[in-house]
There are 2 protein chains.
Amino acid sequence: MRVRLEDVARATGVSPKTVSRVLNEESSVKESTRQKVLAAMESMNYRPSPAARGLAGSRSFLVAMLYDNNDNPASTYLAEVQDGVLDACDAHRYSMMACPLRMRGQDFIRRVDALVFDHHIEGVIMTPPLTDYAPLLQRLKEHGVPHSSISPVHREASIGVCMDEQQAAKAMVMHLVELGHRRIAHIVGIANHGASRWRMAGYKDALAAAGLPFDPQYVVQGEFSFGSGVLAARELFALPELPTAIFAANDDMAAGVMWAANERGLKVPRDLSVCGFDDTPLATQLWPPLTTVRQPSRDMGKLAALQLMEVLRGRGPGLLVQVPYALQLRESTAAAP
Amino acid sequence: MRVRLEDVARATGVSPKTVSRVLNEESSVKESTRQKVLAAMESMNYRPSPAARGLAGSRSFLVAMLYDNNDNPASTYLAEVQDGVLDACDAHRYSMMACPLRMRGQDFIRRVDALVFDHHIEGVIMTPPLTDYAPLLQRLKEHGVPHSSISPVHREASIGVCMDEQQAAKAMVMHLVELGHRRIAHIVGIANHGASRWRMAGYKDALAAAGLPFDPQYVVQGEFSFGSGVLAARELFALPELPTAIFAANDDMAAGVMWAANERGLKVPRDLSVCGFDDTPLATQLWPPLTTVRQPSRDMGKLAALQLMEVLRGRGPGLLVQVPYALQLRESTAAAP
DNA sequence: CTGAAAGCGCTAACAA
DNA sequence: TTGTTAGCGCTTTCAG
């Protein structure tokens with residue numbers, strides 16, 4: 001029924017172990033033997049059994065993608081990242097298990113242990129804020145499980161992928177400055193996300209570069225959700241001197257700002273310029289279309305997975321690669337009133 | 001290091017086979033023995049190895065979620081479904097592999113075979129339009145792999161979960177009728193989705209029930225994406241007599257309609273009522289908030305997975321369960337002008 | 001209702 | 001560079 005390693009060995013006239021070596025890309029096989037075996041595998045349509053490999057050896061060809069599912073707003077971000085990860089897995093014959101983790105309680109410990117012990121997960125890919133969740137990192141280290149991070153805060157010790165979000169945020173705000181805005185507000189994201197810090201830092205950098213004062217009144221706390229964007233905007237609209245531009249730390253909050261502007265009777269971009277960050281599909285589904293920073297989530301997922309696999313295959317220590325950002329200038333920003 | 005079945009057996013004073021029987025919930029074990037074994041498993045923190053179980057037996061405790069990733073627009077729908085599926089898996093100690101399938105070409109055959117052979121997938125959960133993709137169903141049947149469908153077109157032969165979308169669409173349109181609208185347009189979704197047919201049928205039902213004529217001019221083809229909604233709306237706006245209400249087959253297209261209305265200078269809902277279907281997060285992020293039909297995607301994912309597991313555990317033939325819809329009346333619909 | 005033996009398909013640790 | 005011998009942790013026969 002099923003073609004086994006042994007069958008390939010018999011057909012080739014070598015021992016099972018040699019076939020195994022070829023399968024695992026070990027270097028100590030004579031090239032001619034190697035070719036023979038490879039050919040036989042191909043023609044017999046041999047497909048190794050992950051279960052057997054996992055049981056006998058230490059490998060499972062399984063990676064897990066870990067993500068936080070407490071707050072769902074960014075579901076399209078996660079979907080894109082996952083898509084990229086799967087793409088990379090495909091290329092290296094790995095399989096991926098999706099694993100949402102609730103950060104509260106001890107639940108995640110159980111789940112991580114289950115992944116590692118039960119399934120012999122070889123490695124882990126994580127999205128923020130899990131990337132910097134100490135108890136989790138600790139546990140992974142204890143288990144000796146390599147991990148690759150997407151946009152981690154602590155970049156020194158990480159492998160994975162990142163973007164210069166601070167620079168991107170600065171560029172975004174500089175764009176507002178160039179349009180003549182002088183009262184520029186910022187809506188901050190959830191505190192434990194590196195993204196919130198970087199984007200805020202970029203905002204400050206831009207103000208400084210433009211010689212504009214930093215006014216705490218114009219900085220409001222949000223939490224990355226549409227609703228929090230609405231609330232933050234209302235707060236800003238209650239100020240004696242309204243900002244002429246608002247830079248929200250992500251698109252969902254920017255959408256909230258535009259909602260609140262509508263509610264308040266402010267016309268975007270005539271009375272108020274609005275911009276966000278991420279370039280989610282939402283950005284082009286708003287009226288007017290949202291100026292934002294494009295973050296290549298899909299590519300980031302793919303690159304993070306590829307880095308992990310480099311490590312798993314012993315090809316190197318793994319790197320933290322940086323992807324470029326791109327400003328998407330659309331109709332939600334215009335010259336200051 | 002690892003606690004094995006054998007360890008539990010030794011601790012309990014029974015044979016490994018008996019422990020195995022308890023583990024697999026076989027009925028032929030004396031209750032007292034069963035309790036003893038269960039207690040030992042608990043206290044020793046025994047966790048069976050899926051790899052070993054998969055290798056020795058026919059089970060793998062792995063299910064796959066298959067989805068189409070040609071068109072990404074509904075990524076939040078997929079994310080919600082996946083969340084529900086994972087929830088159900090968790091409850092029954094199953095693991096899930098996410099598996100995007102490209103419907104074009106023979107690629108999906110390879111992937112399905114890989115899933116079945118390599119990983120001994122026990123069952124499959126599918127979302128539209130895969131649920132009714134004949135070559136795929138054919139292949140699954142050949143492999144003897146049980147599958148559970150979410151909103152399949154062919155309901156007779158399916159297990160899984162569905163919603164009475166036709167009834168829901170009818171109710172949605174009846175709402176417009178009650179608001180006094182008489183020229184009600186409909187934007188249809190992608191042709192091979194059952195959803196498109198049902199929602200269109202419900203639209204017609206409502207017109208008939210209200211004694212309104214069915215005018216083909218007011219029915220425009222879309223493809224579930226925001227952009228297609230914009231195009232469809234422009235088409236409708238070019239008509240000599242504009243509709244006073246537009247029922248789009250999903251929220252993304254409804255958002256497109258609102259975008260186009262803005263572009264055209266039409267005020268929603270004063271000049272035009274707009275409603276959608278699905279109640280994605282987008283619905284409450286538009287201005288004005290979108291009237292739509294709530295579809296409990298997360299629950300649907302969970303229920304579909306639970307039905308599959310009923311089958312896998314030999315508890316029954318599996319059912320096609322129906323979930324209720326709910327109209328979400330918001331501010332995008334109002335009395336006809 | 002319970003147990004003993006055999007083996008799932010592969011790799012580890014040796015040897016040659 | 002290649003082969004041999006075990007055995008991964010569990011389930012399947014088949015007996016009792």
Side-chain angles (χ1 to χ4, degrees), chain A residues 1-38 40-41 44-62 93 114 116-120 122 312-314, chain B residues 1-38 40-41 44-62 93 114 116-120 122 312-314:
Chain A
M1 190 69 222
R2 177 188 245 287
V3 183
R4 292 159 309 156
L5 187 76
E6 196 192 330
D7 302 324
V8 177
R10 193 148 29 213
T12 328
V14 298
S15 78
K17 179 63 211 183
T18 298
V19 179
S20 169
R21 278 193 260 259
V22 172
L23 188 60
N24 293 295
E25 300 180 320
E26 288 176 31
S27 51
S28 57
V29 180
K30 210 206 311 176
E31 188 54 27
S32 63
T33 319
R34 177 190 170 66
Q35 292 303 338
K36 260 198 314 197
V37 172
L38 246 21
M41 282 180 171
M44 301 175 77
N45 193 26
Y46 167 69
R47 344 199 78 236
S49 153
R53 297 228 263 179
L55 188 56
S58 52
R59 316 193 55 182
S60 64
F61 294 89
L62 236 45
R93 300 186 149 276
V116 174
F117 276 128
D118 300 4
H119 292 287
H120 292 287
E122 287 187 46
L312 295 182
R313 300 172 65 199
Chain B
M1 190 70 220
R2 178 187 245 288
V3 182
R4 291 159 310 156
L5 186 70
E6 195 193 331
D7 302 324
V8 177
R10 194 150 27 215
T12 329
V14 298
S15 78
K17 177 63 213 183
T18 298
V19 179
S20 169
R21 277 192 261 259
V22 172
L23 188 60
N24 292 295
E25 300 179 324
E26 289 175 31
S27 51
S28 58
V29 180
K30 210 207 307 177
E31 187 54 27
S32 63
T33 317
R34 178 189 170 66
Q35 291 303 339
K36 259 198 313 194
V37 172
L38 246 22
M41 282 179 171
M44 300 174 77
N45 192 26
Y46 167 68
R47 346 199 75 235
S49 153
R53 297 229 263 179
L55 187 55
S58 52
R59 315 193 55 182
S60 64
F61 294 89
L62 236 45
R93 299 186 150 278
V116 174
F117 276 128
D118 300 5
H119 291 287
H120 292 287
E122 288 188 45
L312 296 182
R313 300 173 66 199

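To find a chain, count down the sequence lines: A is the first, B the second, and so on, and within it residues start at 1.
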Students should find this one: the first and last nucleotides of DNA chain D, 5' to 3', lying under 4.0 Å from a heavy atom of chain B. What are they? D:dG9 to D:dT12
Base-contact (B) and sugar-phosphate-only (S) positions in nucleotides 6-16 of chain C, heavy-atom cut-off under 4.0 Å, - elsewhere: -BBBBBBB---
Taking the side chain from B:Glu122 and the backbone from B:Arg59, do they hold a donor-acceptor pair closer than 3.5 Å? no
Under the criterion side chain to side chain contact (heavy atoms under 4.5 Å, CB included), which of B:Val22, B:Val19, B:Val14 is the partner of B:Val29? B:Val22
Nearest 0.5 Å, what's the OG1-CG distance between A:Thr12 and A:Asp7? 10.0 Å
For DNA chain C, which consecutive runs of 3 or more Watson-Crick or G-U pairs (each distance under 3.5 Å) count as stems? C:1-11 with D:6-16, C:13-16 with D:1-4
Residues passing the ring pair (Phe, Tyr, Trp, His ring centres under 6.0 Å) test with A:Tyr46, sequence neighbours excluded, are none
Calculate, to the nearest 0.5 Å, the distance between atoms NZ and CD belonging to A:Lys30 and A:Gln35 respectively. 12.5 Å
Would you classify A:Thr18 as touching base, sugar-phosphate or nothing, given that sugar-phosphate means primed atoms plus P, OP1 and OP2, and contacts are heavy atoms under 4.0 Å? sugar-phosphate
Would you measure the distance from the C1' atom in C:dA15 across to the matching atom in C:dT11 and give it in whole Å? 16 Å
Determine whether more than 12 heavy atoms belonging to other residues, nucleotides or ligands lie under 6.0 Å from atom CZ of B:Arg313. yes
Hits for side-chain hydrogen bond (donor to acceptor under 3.5 Å, both in side chains) against B:His120, two or more places apart or cross-chain, chain-then-number order -> none
Measuring to OP1 and OP2 of C:dT2, would you say a side-chain N or O of B:Thr33 lies under 4.0 angstrom away? yes
Quick one: pull up OG in A:Ser15 and CZ in A:Arg21 and give me the separation to the nearest 0.5 Å. 6.5 Å
Strictly below 4.0 Å: does B:Ser28 bring a side-chain N or O up to OP1 or OP2 of C:dC1? no
Pair listing, salt bridge (charged side-chain N to carboxylate O under 4.0 Å, His left out) test, anchored in residues 45-58 of chain A, at least two apart: A:Arg47-B:Asp118
Of all heavy-atom pairs linking B:Leu55 and A:Ala51, the shortest is N-CB, 4.2 Å
